[in-house]
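Since this is a predicted model, take the numbers as computed values, not measurements.
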Amino acid sequence: MTHEEILTTLGNYVDYLIAGSSAEAPLWNIEKVRSGKPNKWNYVDGCMITACLSLYKTTGDEKFLKFSRDFVDYFVKDGGEIYTFDANEHNLDNINQGKNLFFLVDLTGEQHYRDAINTIRAQLDTQPRTKDGNFWHKAIYPWQVWLDGTYMAQPFYMEYETRYNGMKGCQDSYKQFMNIKKYMRDPKTGLYYHGYDESRQMYWADPVTGCSANFWLRAMGWFLVAMVDVLERMDEQMYYEYRAIMAMFKEAVEAMIQFQDAETGMFWQVIDKGGVPGNYLETSGSSLFAYAVLKGVRLGYLPKRFRAYGEKAFYGTCDKYLGVNDKGELQLSGICLVAGLGGATRRDGSLEYYFSEPVVENDAKGVAPLLLAYTEMIIQ
């Protein structure tokens, strides 16, 4: 497909997805579809609604706003109640959807969105932390920090504190990023490990560093977007902190570029192991990279010359994995369904583990980042 055809196809693709989805049964949440269980408040849908709201802001098309509001209103009730949300899980993933509520408050002024923001923020007051002050990824993963969690929680945290709390927690958010740089960055490659266990007790943790063994692409992608989104929400009064995160972001992007596939512009499921048997070019992390870089250039966090790397990842992902299935339906493939650390003993952070997780089509963990990158491609 030509670049123009790709952009047209993506527009048709998102129309197909929202036409067949509702809050009760979203087409793009493959884990939920496979489980057969009723849908709950979750980060996967949060990513997709973020993409839909971005499409509304970029195109002005009311269908994206209506769909997003209908979806969110299925969960968000009066008085701050959020259907199926449980703060006592202390799961950072459940914070992610809260980002969308700020925009809906600004747009509508409706109180139930504002009350729901408070409900979500209250979880962070009791979220367990490492001794150095970072949020645990989940209560069921004690002393563990995952890169994923920066995307899930920190943009919401930074925006809440900046808007509503006199910036009291902004320094805390900044320090959590600096701890991640201190403990999870590999000085040789400049990449960041998927997870860190402060206690060094988990079977996947290096006994010296506490880090997991490999650089998982989607985790690195979440982290890049987290930095861009936090920078976007920071007050300029945080002069030093703003520039420190910006420098950290640019450094991480430069590290990633060294591993960008020359032919496709994509990245490998385990970033630094291109060509190793079992490894593959993966959609979600490549799309997150594209989105982070394109947005970073637009907002001035990266030099303009970096846009070429983002465009290459975007178009390369579309060329390889956006197409039509046997039924004549549009689909996006090459998406790692899920990967984590701990729990079942096979989630050990090894190459074999990351290569073994299912690869699926149309899951929002790949679709939403690609659509967000698409909004950056078409924004005026």
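Between M184 and V145, the closest side-chain pair of non-hydrogen atoms falls below 4.5 Å. Side-chain contact between L101 and I120: present, with at least one pair of heavy atoms (C-beta onward) separated by less than 4.5 Å. Counting heavy atoms from C-beta on, the side chains of L217 and Y354 never come closer than 4.5 Å. R200 places none of its side-chain heavy atoms less than 4.5 Å from the side chain of P207. A 4.5 Å side-chain heavy-atom check between F259 and L191 finds at least one atom pair inside the cut-off. With contacts defined as side-chain heavy-atom distances shorter than 4.5 Å, the pair V367/Y13 qualifies. For the pair T317 and L322, the minimum side-chain heavy-atom distance is 4.5 Å or more. Considering only heavy atoms from C-beta on, W41 comes within 4.5 Å of V76 through its side chain.
Criterion: ILVMFWY side-chain heavy atoms under 4.5 Å apart, direct or through other members. Under it, F314 and I257 are not part of a common hydrophobic cluster.
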Distance-only check: which donor-acceptor pairs under 3.5 Å involve side-chain atoms of residues 289-299, not counting sequence neighbours?
residue	atom	partner	partner atom	Å
Y291	OH	K295	NZ	3.1
K295	NZ	D229	OD1	2.8
K295	NZ	E232	OE1	2.8
R298	NE	E376	OE1	2.7
R298	NE	E376	OE2	3.4
R298	NH2	E376	OE2	2.8

Side-chain polar contacts of residues 135-142 - donor-acceptor pairs under 3.5 angstrom, sequence neighbours left out - could you list them?
residue	atom	partner	partner atom	Å
W136	NE1	R129	O	2.9
Y141	OH	R347	NH2	3.3

Show me the donor-acceptor pairs, under 3.5 Å and distance only, between side chains in residues 43-51 and residues at least two apart or in other chains.
residue	atom	partner	partner atom	Å
D45	OD1	W28	NE1	2.9
D45	OD1	N29	ND2	3.4
D45	OD2	N39	ND2	2.8
D45	OD2	N42	ND2	2.9
T50	OG1	G46	O	2.9
T50	OG1	N100	OD1	2.7

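Evaluated for a side chain to side chain contact (heavy atoms under 4.5 Å, CB included) with R307, the options E311, R305, K304 yield exactly one hit, E311.
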Checking E161 against R121 for the salt bridge (Lys or Arg N to Asp or Glu O under 4.0 Å) test, could you report, in this order, the C-alpha distance in whole Å, the side-chain angles of both residues, the deciding distance, and whether it holds? CA-CA 9 Å; E161 296 302 300; R121 174 62 182 84; 2.8 Å; yes
Start with the C-alpha gap between E89 and N94, add the side-chain angles, then the distance that decides, and say whether side chain to side chain donor-acceptor pair (under 3.5 Å) holds. CA-CA 9 Å; E89 289 182 5; N94 293 337; 3.1 Å; yes
Stepwise side-chain contact (heavy atoms from CB on, under 4.5 Å) check, V359 with I335: CA-CA 5 Å; V359 181; I335 304 166; 5.7 Å; no
Applying salt bridge (Lys or Arg N to Asp or Glu O under 4.0 Å) to K188 and D186, what does each step give before you reach the verdict? CA-CA 6 Å; K188 183 178 179 181; D186 172 47; over 6 Å; no
Checking L107 against F102 for the side-chain contact (heavy atoms from CB on, under 4.5 Å) test, could you report, in this order, the C-alpha distance in whole Å, the side-chain angles of both residues, the deciding distance, and whether it holds? CA-CA 9 Å; L107 188 71; F102 293 109; over 6 Å; no
Could you go step by step and tell me if L10 and C318 meet the side-chain contact (heavy atoms from CB on, under 4.5 Å) rule? CA-CA 9 Å; L10 269 174; C318 292; 4.0 Å; yes
Before giving the answer on side chain to side chain donor-acceptor pair (under 3.5 Å), spell out for E4 and T2 the whole-Å C-alpha distance, their side-chain angles and the decisive distance to 0.1 Å. CA-CA 5 Å; E4 186 174 337; T2 66; 5.7 Å; no
Chi angles and distances behind the side-chain contact (heavy atoms from CB on, under 4.5 Å) call for V324, Q331: CA-CA 6 Å; V324 178; Q331 72 172 25; over 6 Å; no
In sequence, state the C-alpha distance, the side-chain angles, and the governing distance for E110 and R69, and then conclude on salt bridge (Lys or Arg N to Asp or Glu O under 4.0 Å). CA-CA 12 Å; E110 293 191 10; R69 288 197 66 186; 2.8 Å; yes
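One distance of note links OH of Y374 with CD1 of I379; it measures 12.5 Å at 0.5 Å rounding. Taking CE from M266 and CD from Q269, the interatomic distance works out to 10.5 Å, rounded to the nearest 0.5 Å. Here the straight-line distance linking atom CH2 of W204 with atom CD of Q144 works out to 4.5 Å at 0.5 Å rounding. Atom CZ of residue F177 and atom CZ of residue F249 lie 11.5 Å apart, to the nearest 0.5 angstrom. Taking OH from Y174 and CG from N179, the interatomic distance works out to 10.0 Å, rounded to the nearest 0.5 Å. Note that the CD atom of E81 and the CG atom of D115 stand 11.5 Å from one another [nearest 0.5 Å].
Judged by distance alone, the side chain of T283 and the main-chain N or O of G366 form no donor-acceptor pair under 3.5 Å. For E282 (side chain) and S284 (main-chain N/O), a donor-acceptor pair under 3.5 Å exists by modelled atom type.
Figure legend: cation-pi geometry between K99 and Y151, with NZ or CZ positioned under 6.0 Å from the six-membered ring centre and within 45° of its axis. Y164 does not carry K168 over the face of its six-membered ring by the limits of under 6.0 Å from the centre and within 45° of the normal. At least one cation-pi condition fails for R163 and Y160: the charged atom is not both under 6.0 angstrom from the six-membered ring centre and inside a 45 degree cone around its axis.
Within a 6.0 Å radius of NZ in K57, more than 12 heavy atoms belonging to other residues, nucleotides or ligands are found. Around the CD atom of E263, the shell of radius 6.0 Å holds no more than 12 heavy atoms that belong to other residues, nucleotides or ligands. Heavy atoms of other residues, nucleotides or ligands lying less than 6.0 angstrom from NZ of K181 number more than 12. Around the CD atom of E5, the shell of radius 6.0 Å holds more than 12 heavy atoms that belong to other residues, nucleotides or ligands. In Y83, the OH atom is not crowded: 12 or fewer heavy atoms of neighbouring residues, nucleotides or ligands sit closer than 6.0 Å.
In this structure E241 satisfies the salt bridge (Lys or Arg N to Asp or Glu O under 4.0 Å) test with no other residue, sequence neighbours excluded. Residues meeting the salt bridge (Lys or Arg N to Asp or Glu O under 4.0 Å) test with D261, sequence neighbours left out: none. Listed by chain and residue number, nothing satisfies the salt bridge (Lys or Arg N to Asp or Glu O under 4.0 Å) test with K312 (two or more places apart in sequence, or in another chain).
Using a 4.0 Å cut-off between charged nitrogen and carboxylate oxygen, D363 and K365 count as a salt-bridge pair. Salt-bridge annotation for R114 and D106: absent, with no side-chain N of the basic residue lying under 4.0 Å from a carboxylate O of the acidic one. Salt bridge present: R185 and E251 bring a charged side-chain N and a carboxylate O closer than 4.0 Å. A salt bridge does not link K77 to D73: none of the charged nitrogens lies less than 4.0 Å from a carboxylate oxygen.
Using a 30° and 60° split on the angle between ring planes, Y301 and Y242 fall in the perpendicular class, above 60°.
The aromatic ring centres of Y193 and F215 sit less than 6.0 Å apart.
A side-chain N or O of S199 and one of D197 form a donor-acceptor pair less than 3.5 Å apart.
Counting all heavy atoms, side chain and backbone alike, P26 lies closest to F71 at CB-CE1, 4.3 Å.
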